[in-house]
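Worksheet for the structure shown next.
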Amino acid sequence: MKKGLLIILSGPSGVGKGTIRRKVMEDNDLNLAYSISVTTRAPRPSEKNGIDYFFVSDKEFDEDLAKGNFLEHAEFVGNRYGTPKDFVEKLRNEGKNVFLEIEVSGATQIMENYVGNDLVTIFLIPPSYDELRARICGRHSECEEIISARLAKAKREMKMKYRYQYIVLNDDIARASEEIKSIIRNKINAVII
Ligand code: 5GP
């Protein structure tokens with residue numbers, strides 16, 4: 001069986017990565033599986049352990065890190081996040097195209113170490129900073145200080161978009177999702193041929 005693709009979607013906090021990812025994953029023909037990350041961040045009210053993230057303590061994160069369990073890991077506005085290596089490998093070995101929704105420094109770690117031509121990297125950008133601020137604030141789950149930190153971080157992350165193979169504008173959820181689906185479809189076809 002052909003090993004699945006590794007697909008990375010990055011973009012500033014609030015750009016709509018989660019919404020787009022869920023829409024893209026509805027397409028069964030793409031044979032996608034989502035890589036559930038490990039994080040030390042507290043769950044938001046709507047989030048479930050084992051579905052949105054594996055929520056762990058700092059100590060548990062340190063233990064995973066020491067065991068070399070992460071494909072990549074990063075700190076983001078005071079919390080830590082990591083991609084479980086075995087989970088991703090198992091899915092890819094089953095032929096699944098694995099979808100990672102991760103921030104820029106973790107994505108860079110993968111890009112710099114990756115051997116093979118089955119990596120797809122996509123950076124999602126917002127139509128404007130005003131829109132981004134409105135979306136981060138609209139989430140209401142974070143206090144003002146964290147919102148400002150996330151916006152500052154977003155500005156720094158936006159400068160890194162040229163590291164990615166594709167830059168997609170999230171001007172419209174349906175349109176941007178279709179663009180990402182077609183990027184993935186083309187890559188699947190290119191790898192098969
Ligand atoms: P949030 O706290 O909003 O869920 O996520 C904050 C940022 O961390 C987002 O940009 C999200 O994509 C990123 N992120 C989530 N999981 C991981 C991970 O496993 N590794 C890295 N490097 N970033 C992650």
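As the structure lists them, so they are numbered: ligands from 1, and atoms in each ligand from 1. Heavy atoms only: backbone and side chains are in, while hydrogens, waters and symmetry mates are out. If you're wondering where the values come from, they're calculated on a predicted model, not measured in any experiment. By convention here, the first residue in the shown sequence is residue 1.
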- Look at the side chain of N170 and the backbone N and O of V15, then say whether any donor-acceptor pair between them is shorter than 3.5 Å. yes

- Task: Give a yes or no on whether the backbone of V98 and the side-chain of S35 come within a donor-acceptor separation of less than 3.5 Å.
- Result: no

Counting from 1, what ligand 1 atoms have a heavy atom of [X] closer than 4.0 Å?
X: K17; answer: 9 (C), 10 (O), 12 (O)
X: A74; answer: 22 (N)
X: E72; answer: 18 (C), 19 (O), 20 (N), 21 (C), 22 (N)
X: G82; answer: 18 (C), 19 (O)
X: R41; answer: 1 (P), 2 (O), 4 (O)

Under 3.5 Å: N/O of [X] near N/O of ligand 1:
X: H73; answer: no
X: R150; answer: yes
X: E47; answer: no

- Is it the case that one hydrophobic cluster holds both L9 and Y53, taking links as side-chain heavy atoms less than 4.5 Å apart, direct or via other members? no

- By salt bridge (charged side-chain N to carboxylate O under 4.0 Å, His left out), which residues pair with R21, not counting sequence neighbours? E101

- Answer with side chain, backbone, both or neither: which part of R44 has a heavy atom less than 4.0 angstrom from an atom of ligand 1? side chain

- Message: Applying a heavy-atom cut-off of 4.0 Å, say which part of K153 lies close to ligand 1: side chain, backbone, both or neither.
- Response: neither

- What pairs of residues pass the side chain to side chain donor-acceptor pair (under 3.5 Å) test when at least one of them lies in residues 117-127, not counting sequence neighbours? R92-D118, Y114-D118

- For residues F70 and F61, establish whether the separation of their ring centroids is below 6.0 Å. yes

- Message: Can you give me the closest heavy-atom contact between F123 and Y164, atom names plus distance?
- Response: CD1-CE1, 3.5 Å

- Message: A side-chain contact here means heavy atoms from C-beta on lying under 4.5 Å apart; do N93 and K3 qualify?
- Response: yes

- Message: Could you check whether any heavy atom of Y53 sits closer than 4.0 Å to an atom of ligand 1, since that is the contact criterion I want to use?
- Response: yes

